[in-house]
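What you see is a predicted model; the values in this text were computed from it and never measured. Here is the naming used below: chain letters follow the sequence lines, and residue numbers restart at 1 for every chain.
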There are 2 protein chains.
Amino acid sequence: MKKRIIAFRSDCPISTALDIFGDKWSLLIIRDIMFKGLNTYGDLLKGGEGIATNILADRLVLLECAGIISKAKHPDSKAKVLYQLTPKGADLAPILVEIIAWSEKHHKVHPEAIAFANEIEKDKAAVLTQIYSRL
Amino acid sequence: MKKRIIAFRSDCPISTALDIFGDKWSLLIIRDIMFKGLNTYGDLLKGGEGIATNILADRLVLLECAGIISKAKHPDSKAKVLYQLTPKGADLAPILVEIIAWSEKHHKVHPEAIAFANEIEKDKAAVLTQIYSRL
DNA sequence: TATTGAACTTGCAAATTACAAGTAATTTTT
DNA sequence: AAAAATTACTTGTAATTTGCAAGTTCAATA
């Protein structure tokens, strides 16, 4: 595991969080692992919005250093690496859920997201329980 | 009001949200307005983590374009501008609350934040009601 | 054994950020 | 009333980060 120093600007919890995942890509990687079940480098690369290969590599190292994801042996092949969320990473679920709810309320998003947002509104705890059970 | 085009990478709700506030500073500005009651350019500049003046100006324009904050006349002086959250901006509160809870659980943060995180854990709805009532 | 696939790395141009200084319109002080 | 200080920015430039294309290494398949 590569080591990377994360510089924290202050001891404010919001600032601390943003020092870890406050950029345009990190939470999308976490989304892909958490909701789309993507867990190899190649899948994450093709994942969605077209992340550059060097940026993906950089963020994976960073997220691993932050204890949000971990690398494991892939059951199918030695050439593959399995990326998965740690408990700390799984604990980001409530944040993502609130982001989804906010976006759905204030922006046009895709139909599936609307359905998911409705589920959240009905019973947020149940949605979170379901997410955690999958991880 | 200046116009700025925000490029959306996809219609995913998380991606959409990150296209608006997915950077190291935007949510800190929102935090300062929401929780610290800072509402002038100068106050936000001295706000906390040392944002650069051009970046602050840039983000304020962006957040206004996104409908998250609005500019108003300051009651004290014509030289001042009052920045405040719109309802859309206030709706970011649950996201910030979850971020605070996550950081407090997984990182060392300042004592006040711990107290706030405990309040959140006890009764999240009450905390949110209180935040909304202040806005 | 040769080709493909997976997970990266490297090099460089383009964009963004940070720092320092400057400007214009008030407001306060003298 | 004139001078000094505030307030909200803008501008210039260096440093950092990002994005794109190509290359490398090891493993798996033909």
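Side chain of B:Tyr83 to main chain of B:Leu44: no donor-acceptor pair is present (N/O by atom type, distance under 3.5 Å, no hydrogens or angles). Side-chain N or O atoms of B:Arg4 include none that pairs as donor or acceptor with a backbone N or O of B:Leu63 at under 3.5 Å. Between the A:Tyr41 side chain and the A:Thr53 main chain, a donor and an acceptor come within less than 3.5 Å of each other. Not one N or O on the side chain of A:Thr40 forms a donor-acceptor pair closer than 3.5 Å with the backbone of A:Val81. A donor-acceptor pair is defined here as one N or O able to donate and one able to accept, closer than 3.5 Å; no such pair exists between the side chain of B:Asp32 and the backbone of B:Gly37.
Using a 4.0 Å heavy-atom criterion, one finds that B:Lys46 contacts no nucleic acid atom at all.
Regarding B:Leu28, its CG atom lies at a distance of 11 Å from the P atom of C:dA18, rounded to whole Å. Rounded to a whole Å, the OH atom of A:Tyr41 is 18 Å from the P atom of D:dA27. When the P atom of C:dT16 is taken as reference, atom CD1 of B:Ile6 falls 13 Å away, rounded to whole Å. In this entry the distance linking CG of A:Leu45 with C1' of D:dG19 reads 13 Å, nearest Å. When the P atom of C:dG5 is taken as reference, atom NE2 of A:His74 falls 16 Å away, rounded to whole Å. Atom C1' of nucleotide C:dA25 and atom NZ of B:Lys73 are separated by 15 Å, given to the nearest angstrom. Rounded to a whole Å, the CG atom of A:Asp43 is 8 Å from the P atom of C:dA6. Rounded to whole Å, atom P of C:dA7 lies 10 Å from atom CG of A:Leu56.
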Which protein N or O atoms sit under 3.5 Å from an N or O of nucleotides 16-18 of chain D?
{"from": "D:dT18", "atom 1": "OP2", "to": "A:Arg59", "atom 2": "NH2", "distance (Å)": "2.6"}

Just the table, please: protein N/O against nucleotides 28-30 of chain D N/O, every pair under 3.5 Å.
{"from": "D:dA28", "atom 1": "OP1", "to": "A:Lys78", "atom 2": "N", "distance (Å)": "2.7"}

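Checked against salt bridge (Lys or Arg N to Asp or Glu O under 4.0 Å), A:Asp43 has the following partners two or more places apart in sequence or in another chain: A:Lys46.
Between B:Tyr83 and A:Thr53, the one whose closest nucleotide on DNA chain D sits nearer the 5' end is B:Tyr83.
In this structure, of C:dA18, C:dA7, D:dC9, it is D:dC9 that holds the atom nearest to the side chain of B:Lys71.
Classified by interplanar angle (parallel below 30°, tilted 30° to 60°, perpendicular above 60°), the ring pair A:Phe116/A:Phe35 is perpendicular.
With 3.5 Å as the limit, one finds a donor-acceptor pair spanning the side chains of A:Asp23 and A:Ser26.
A:Trp25 does not carry A:Arg31 over the face of its six-membered ring by the limits of under 6.0 Å from the centre and within 45° of the normal.
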